[in-house]
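Only one structure is covered here, and it is reproduced in the block below.
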Amino acid sequence: MIANAKKKLIDAGLGVYGWIDDRLHVTEIFEHTAGHHIPKSTSSWFYVFGSATLLCLIIQLVTGTMLALTYVPSGAEAYTTLEYMTYEQPLGWLIRAIHYWGSNFMVAIMILHITQVYLFGAYKYPREITWISGVFLGLITLGLAFTGQVMRFDEDAYWGIGIGASITGRSPVFGAELVQMLLGGPIINSDTLSRFFALHVFVLPGAILAFIALHLRMVLLKGINEWPEPGVLVNRETYDKHYAAIIRREGIPFTPHGIGKDLVAGAIVIIAILGCALIFGPKGPLGPPDPTEIAVHPRPDWAFMWIFAVAALMPEWAEVPAFLIAPPIVIGFLILLPFINNTGEKHWSRRPVAVLSVFAIYLSLGILTWFGITGPWSPPMLAWSGAVTPKDFVVNRTPLELQGLVVFQQKQCRNCHAIDGIGGHRGPDLWNVGDRMTHPQLVRQVIQGGGNMPAYGKNLTPHEVEAVVQYMVSLRPPGNVPALDSAKPAEPPAENRKQAAKEPAHGDRG
Amino acid sequence: MIMIRPAFLVASAGVVASLALTACEPPGKPPITKKWKAPTEVTDFTKLYSQNCLGCHSLGETSGPSLSMANPIYLASITREDLVNVIANGVPGSRMPAFAEVNGGSLTDAQIGIIADGILAKRQPVEGPVPAWSAPLGNPAAGQAVYAAVVESLKKTLPASVFRDGFLTNRDFLGLVTDQYLRSLVIGGSAELGIPNYREVLPGRALTDAEIADLVAYLSSQRPADYGKPPTNSNP
């Protein structure tokens, strides 16, 4: 009786499904999309990064929409709404945090995905367009990360756009016009934020969806790259047959048999993003975007830290080549890569140049990022009044030497020079400068400046010069005599030696 | 037998986690104290002092090149009014900056009050009266003998090297400090320079008010004539 009813119910269900399928062809659509066949070898942990990046995008779309419900994209109100979301709105901070960490994970996982497909030779015949659409997806993702950083309209955002605008302004012929277009005026103003908002929520998300459609279509049409085997070469004449044979031999439907690892990876990504959001919270907002506030330390988000480091480290003549000539070359190279290197070995063990270049790129971007994070790019503007001098560099000095340290503080030398690690790091740490420079050399350096240091001659009285130089001379490791003039005999004069012996040690570095 | 399916486990873990989330405060939730404050809104003494003063004036724990503000004798000698006045207007002709906004400084009147009160909170009971913070100069000729006695006594404890170049009579040193600084130094002493306060600098007895005024007058008389003039270095 019951079994009979069950059977009837199933039949009815199948009937409805059949009716729908007849008209919408869902089974066919499924077989051509989620259910398409993939080589069994690609159901691997190495192949999860693409879907994980896509998952991040979905998280960004959802949380981004939620943020847009509160965020007011106007120069006057953006900062206040950010403060409201972060400190007052229930769970507003969490949405901001998830969106921030989601973007970090999206960029990071995307980089892993690019590395994987590059090392597995996936860009070669016949997947050129899959790769090229991926290059555009990468650029759009970086564009979203950059414009997103501007949405967090604080001092970092302000200086970030400022740097972006001055790079743009270096363009030949149309520099000023391009800046005008980017900022909506010659300077950062309320139109600037509206422009970046339009890019961040309409233009770039629209573009990314379009390119994802193309990217996925190409994956379905040309298949996912099989697990490469050393010695199995890609050949334009035979590859399609070779791939069809693999699918026939070991093909499995992506859904349900190949999707397992992607689902697990997706769960890990969600847990990681949520965990970071809950533990580390959102970023900023820091101080308001106010150009008159100079005691700020603007730094971009980590994905752009290396550009920031390049900008800070390179000599001025290199700016145009680095910012206007290099990027088109790099992007052009990425787009042309599948044509330059279309066939042959796919396995990384047979492609030393590929492996080495990945290694070199990771290393140099890593080092630059590290420089960007740790570099003393902006002086601590309050060091002059706040930086403490360790005891060993204060005691056992003459009254004049101590006044020298007062001058050193009051003239803000400390904002650029540390003493034993405390203070600014634009110039050298002076903890042992008395070992390196003589009294006359120090006088000249203070008065005339040089090597990036301004000349202080006009701003110091003779007493101040003498005091600060005497203090500098006293900065040397214990037991060392003051630096000697190399034009004089190397042996210190007798009285000097006697004095050095009597003198107690300054500083405690052995 | 009841089978517990993995999906059910995951779902219940999720429910438990979200319940836990609403119950406790996750570390990522930014505390209101993290909210950006305009520098003029800072009211915390420790922060104000360590940003604006600590580089030059120690507060007991660290060292600084100018007078320590945690010196019991010094704190007994100075009034709140004088302290506020010095912080707000600086010491003209010296390297003590004026901090009041009206003088181009960065501190509001309220913040200057907070700093003065925070410093005075370090006051400790001191036995007996203490010389006034400020007083007219005494007799330089008499001061010379006091100076000689003080140096004589200091030489017993301080390394010889600190007496180089004339010690407190060094012309460049005197060209940089005011008489008030010298007076405060003599009264309160200086841990950094190794100079004890006026009660301990001579063996067995304290300096008298007159001796302090004479000593400062003597040092003042050694000051170069160009003291307090604007920079004259015109090297390129």
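Proteins come first, then strands; the chains are lettered A, B, ... in the order of their sequence lines, and each starts at number 1. Keep in mind that this is a model prediction, so the values were computed, not measured.
- Residue pairs meeting the salt bridge (charged side-chain N to carboxylate O under 4.0 Å, His left out) criterion with at least one member in residues 176-188 of chain B, sequence neighbours excluded, are Asp179(B)-Arg223(B).
- In the displayed structure, Glu88(A) atom CD is contacted under 6.0 Å by more than 12 heavy atoms of other residues, nucleotides or ligands.
- Aromatic ring pairs are classed by plane angle as parallel below 30°, tilted from 30° to 60° and perpendicular above 60°; the pair Phe408(A) and His417(A) is tilted.
- Note on Gly404(A), Pro390(A), Ala97(A), Ser385(A): by heavy-atom pairs under 4.5 Å with chain B, the leading option is Ser385(A).
- Under the 6.0 Å distance and 45° angle rule, Lys155(B) counts as a cation-pi partner of Phe163(B).
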Can you give the donor-acceptor pairs under 3.5 Å from side chains of residues 263-287 of chain A to other protein atoms, not counting sequence neighbours?
from: Lys283(A); atom 1: NZ; to: Asp301(A); atom 2: OD1; distance (Å): 2.7

Using the rule given for side chain to side chain donor-acceptor pair (under 3.5 Å), can you reason through Ser474(A) versus Gln470(A), listing the C-alpha separation, both sets of side-chain angles and the distance that settles it, and then say yes or no?
CA-CA 6 Å; Ser474(A) 83; Gln470(A) 292 251 0; over 6 Å; no
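- Within residues 95-117 of chain B, the residues having any heavy atom less than 4.5 Å from a heavy atom of chain A are, in residue-number order, Arg95(B), Pro97(B), Phe99(B).
- In plain terms, the two heavy atoms of Asn396(A) and Pro159(B) that are nearest each other are OD1-CG, 3.4 Å.
- Counting all heavy atoms, side chain and backbone alike, Trp431(A) lies closest to Asp420(A) at CB-N, 3.6 Å.
- Between chain A and the options Glu192(B), Arg171(B), Lys29(B), the largest number of non-hydrogen pairs under 4.5 Å is found for Lys29(B).
- The residue among Asn170(B), Leu176(B), Ile32(B) with the most heavy atom pairs within less than 4.5 Å of chain A is Leu176(B).
- Interface remark: Tyr79(A) contributes side-chain atoms only to the contact with chain B (heavy atom separation under 4.5 Å).
- Chain A is approached within less than 4.5 Å, heavy atom to heavy atom, by Ser50(B), Gln51(B), Asn52(B), Cys53(B), Leu54(B), Gly55(B), Cys56(B) from residues 50-58 of chain B, ordered by number.
- Taking the charged nitrogens against the carboxylate oxygens, Arg164(B) and Glu401(A) do have a contact shorter than 4.0 Å, which makes a salt bridge.
- Your options are Pro224(B), Ser63(B), Pro31(B), Gly64(B), and the one with the most heavy-atom pairs under 4.5 Å with chain A is Ser63(B).
- Chain B forms more heavy-atom pairs under 4.5 Å with one residue of Leu405(A), Thr86(A), Ile422(A), Val407(A) than with any other, namely Leu405(A).
- Put simply, the residue from Ile59(A), Leu94(A), Leu67(A) that forms a side chain to side chain contact (heavy atoms under 4.5 Å, CB included) with His99(A) is Leu67(A).
- Within 6.0 Å of NZ on Lys34(B) lie no more than 12 heavy atoms contributed by other residues, nucleotides or ligands.
- Of the two parts of Pro39(B), only the side chain, counted from C-beta on, holds a non-hydrogen atom closer than 4.5 Å to a non-hydrogen atom of chain A.
- Taking all atoms of both residues into account, the shortest heavy-atom contact from Pro462(A) to Asp172(B) is O-OD1, 4.4 Å.
- Across every non-hydrogen atom of Phe173(B) and Leu400(A), the tightest pair is N-CD1, 3.5 Å.
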